[in-house]
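Note that the numbering runs from 1 along the sequence shown for the chain.
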Amino acid sequence: MRVFLVDDHAVFRSGVRAELSREADMAVVGEAGGVGEAVAGIKTARPDVVLLDVHMPDGGGVAVLQGIDPGPVCLALSVSDAAEDVIAVIRAGARGYVTKTISGPELAEGIRRVAAGDAVFSPRLAGFVLDSFTGRSPVPEPQLDPELDSLTPRELEVLRLLARGYTYREIAETLFISVKTVETHASNVLRKTQQSNRNALTRWAHRRRID
């Protein structure tokens, strides 16, 4: 079974690759850390299953799904268990959604199941999807967050990477901008969110599930 990994954390991809290498019926045929790279790599590698991160700086899992439609079976793999994230990627075409707390053997079994046509969800997440599609409990409109809403798309990208622990140089390389520009964006983010330093900003971002 040919598997393609999409996640902007290289260390996490390495861990997943190591776990799946223990499975005799699986082979990781490619990996990517961003939307554009993922779409191109999936089209070239032609995997059976894509393990797909939900949040990435340049668009995330939904953008990848839109870029490869129709394409291989996709299983979302995320730290987020928010209802809106689950429903968004399922509506975009993912066959399942599991969180990163899943064990290696459980992940491998999930890959086999989505490849066979089953839908796979971590405990309690299936209820979000059922309620959404039956109309019994639609995802509520997001609460207004003036500080978050004041950020530009680029500032939000920088915020996500800061919250993940990236250095200014790593952010510059990821977003293809200069370190000076990153510093300017970071300063604007601190000012708009009314946070005094990077540690406070990281806590502020995590409380809003920005990762």
Are [X] and [Y] joined in one hydrophobic group, where the rule is that I, L, V, M, F, W and Y side chains link up if heavy atoms are under 4.5 Å apart?
X      : Y      : value
Val89  : Val120 : no
Leu52  : Val98  : no
Ile42  : Val35  : yes
Val3   : Val39  : no
Leu156 : Trp204 : yes

What distance do [X] atom [atom1] and [Y] atom [atom2] have between them, rounded to the nearest 0.5 Å?
X      : Y      : atom1 : atom2 : value
Tyr168 : Ser178 : OH    : OG    : 12.5 Å
Ile177 : Glu183 : CD1   : CD    : 10.5 Å
Glu157 : Thr152 : CD    : OG1   : 8.5 Å
Leu51  : Leu75  : CG    : CG    : 5.5 Å
Leu107 : Thr101 : CG    : OG1   : 11.0 Å
Arg113 : Ile111 : CZ    : CD1   : 12.5 Å

>> Please enumerate all residues that pass salt bridge (Lys or Arg N to Asp or Glu O under 4.0 Å) together with Arg22, with sequence neighbours excluded.
In response: Glu19
>> List the residues meeting salt bridge (Lys or Arg N to Asp or Glu O under 4.0 Å) with Asp7, not counting sequence neighbours, and say none if there are none.
In response: Lys100
> Have Ser187 and Thr184 got a donor and an acceptor in their side chains that come within less than 3.5 Å?
Replying inline: no
> Does a side chain donor of either Ser78 or Ser80 reach within less than 3.5 Å of an acceptor in the other side chain?
Replying inline: no
If we only count heavy atoms from C-beta on, is the [X] to [Y] side-chain gap below 4.5 Å?
X      : Y      : answer
Met56  : Val64  : yes
Arg154 : Leu175 : yes
Tyr97  : Leu77  : no
Leu162 : Thr202 : no
Leu151 : Val189 : yes
Ile68  : Pro72  : yes

Counterpart residues, side chain to side chain donor-acceptor pair (under 3.5 Å), relative to [X] (two or more places apart):
X      : answer
Ser21  : none
Ser196 : none
Thr174 : none
Asp53  : none

>> With side-chain hydrogen bond (donor to acceptor under 3.5 Å, both in side chains) as the rule and sequence neighbours excluded, what pairs involving residues 32-45 come up?
In response: none
Of all residues at least two apart in sequence or in a different chain, which pass the side chain to side chain contact (heavy atoms under 4.5 Å, CB included) check with [X]?
X      : answer
Glu31  : Leu5, Arg13, Arg17
Val29  : Arg2, Ala45, Pro47
Ala108 : Leu20, Glu23, Met26, Arg112
Ala172 : Val179, Val182

> What pairs of residues pass the salt bridge (Lys or Arg N to Asp or Glu O under 4.0 Å) test when at least one of them lies in residues 185-203, not counting sequence neighbours?
Replying inline: Glu155-Lys192
>> If you compare all heavy atoms of Ala163 against all heavy atoms of Ala205, which two are closest, and at what distance to 0.1 Å?
In response: CB-CB, 3.8 Å
> Which atom names give the shortest non-hydrogen contact between Val49 and Ala115, and what distance separates them?
Replying inline: CG2-CB, 3.8 Å
>> Check whether Glu173 reaches the backbone of Glu170 with its side chain - one donor and one acceptor, N or O, closer than 3.5 Å.
In response: no
